[in-house]
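A short worksheet on the structure shown next.
Every chain is numbered from 1 and lettered A, B, ... according to where its sequence line falls, protein lines coming before strand lines. The model shown is predicted, which means the values in this text are computed figures rather than measured ones.
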Amino acid sequence: MAIKTWTAGEVVTANDTNAYLTNSGLVYVASYTLTESTGDLTMGPFSSTYTNYRVIIEGLQSTVQGVMGVYVGSMSTGTSYYSSFYYDNANGAVSGYIRGNGTAYWGAGLTEIGVSSNYTFDICSPQKADRTSMMGTYNGRTVYAGFMGGGLANTTQYTQLGFFVPGGSMTAGTFTIYGYRKP
Amino acid sequence: MSMKQEPLMKVIVHPNGDVETRPMNEEELAAHAQVWELPSDSE
């Protein structure tokens, strides 16, 4: 259904309201702001209500220059994650890819010590009996930017989403998750 | 003299909004230790 503009004096019915809500876009699901140094944050946002999700990590700071690690389900030493992200230093001197080929998590960009980095990506089909994947962009480690993508080689249905910086801790950041409303 | 190291903490946000915090267990620490090679700013 297309976007509708209501006119002055027009009666808005429950049917109209429900129809346009049903066809609206992102719906807030959950958010958490770190309050202490954290080795791992696990949230439980996935349900059958939505098939696809948008994740925004705002103001992420870490104790090491590292990788923003993302996983679904439980944090483990599995080898089912496949991902690649680009890193490009704005000075033009450093660029390339970091690949995870059969790892325990997806790499979602670079992190910095005491300086905020930001990430946004979609998670597709985490709660569906199909492969889960992620794709998005980031600005991290102060002067780096890049895009990312990854898949998971199973069809497990997940309810949890996790974040960590391998080899370090997260000291600041807000993690917000939206669902793509479906008709 | 060795310094006591603080345990890495795991924060769990449940679907109902409740927040649980506990030390990471052995398997979680093993995954956490899987660090990837990173670029040097001067490479």
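For a heavy-atom cut-off of 4.5 Å, chain A lies close to B/Thr21, B/Met24, B/Glu27, B/Glu28 in residues 21-28 of chain B.
There is no contact between B/Glu20 and chain A, counting heavy-atom distances below 4.5 Å. Proximity to chain B (any heavy atom under 4.5 Å) is restricted, for A/Glu36, to the side chain, taken from C-beta onward. With a 4.5 Å cut-off on non-hydrogen atoms, A/Tyr105 touches chain B through its backbone and its side chain both. Only the backbone of A/Val165 comes within less than 4.5 Å of a heavy atom in chain B; its side chain stays farther off. Looking at A/Phe46, there are no atoms closer than 4.5 Å to chain B (heavy atoms on both sides), in backbone or side chain. Using a 4.5 Å cut-off between heavy atoms, A/Leu110 touches chain B through its side chain atoms alone.
Not counting sequence neighbours, A/Thr79 has no partner by the side-chain contact (heavy atoms from CB on, under 4.5 Å) test. Residues passing the side-chain contact (heavy atoms from CB on, under 4.5 Å) test with A/Val27 are A/Tyr50, A/Arg181, sequence neighbours excluded. Remark: A/Asp130 engages no residue in a salt bridge (Lys or Arg N to Asp or Glu O under 4.0 Å) (not counting sequence neighbours).
Using a 3.5 Å distance cut-off with no hydrogens or angles, the side chains of A/Ser76 and A/Ser74 do not pair a donor with an acceptor. A/Tyr119 and A/Asn139 share no side-chain donor-acceptor pair at under 3.5 Å. Judged by distance alone, the side chains of A/Thr38 and B/Lys10 never bring a donor and an acceptor atom under 3.5 Å apart. Of the N and O atoms on the side chains of A/Thr103 and A/Asn101, not one donor lies less than 3.5 Å from an acceptor on the other residue. Residues A/Gln61 and A/Ser116 bring a donor and an acceptor atom of their side chains to less than 3.5 Å of each other.
The residue among A/Arg99, A/Arg141, A/Met43, A/Gln65 with the most heavy atom pairs within less than 4.5 Å of chain B is A/Arg141.
Note: A/Phe163 and A/Phe121 have tilted aromatic rings, judged against thresholds of 30 and 60 degrees for the angle between ring planes.
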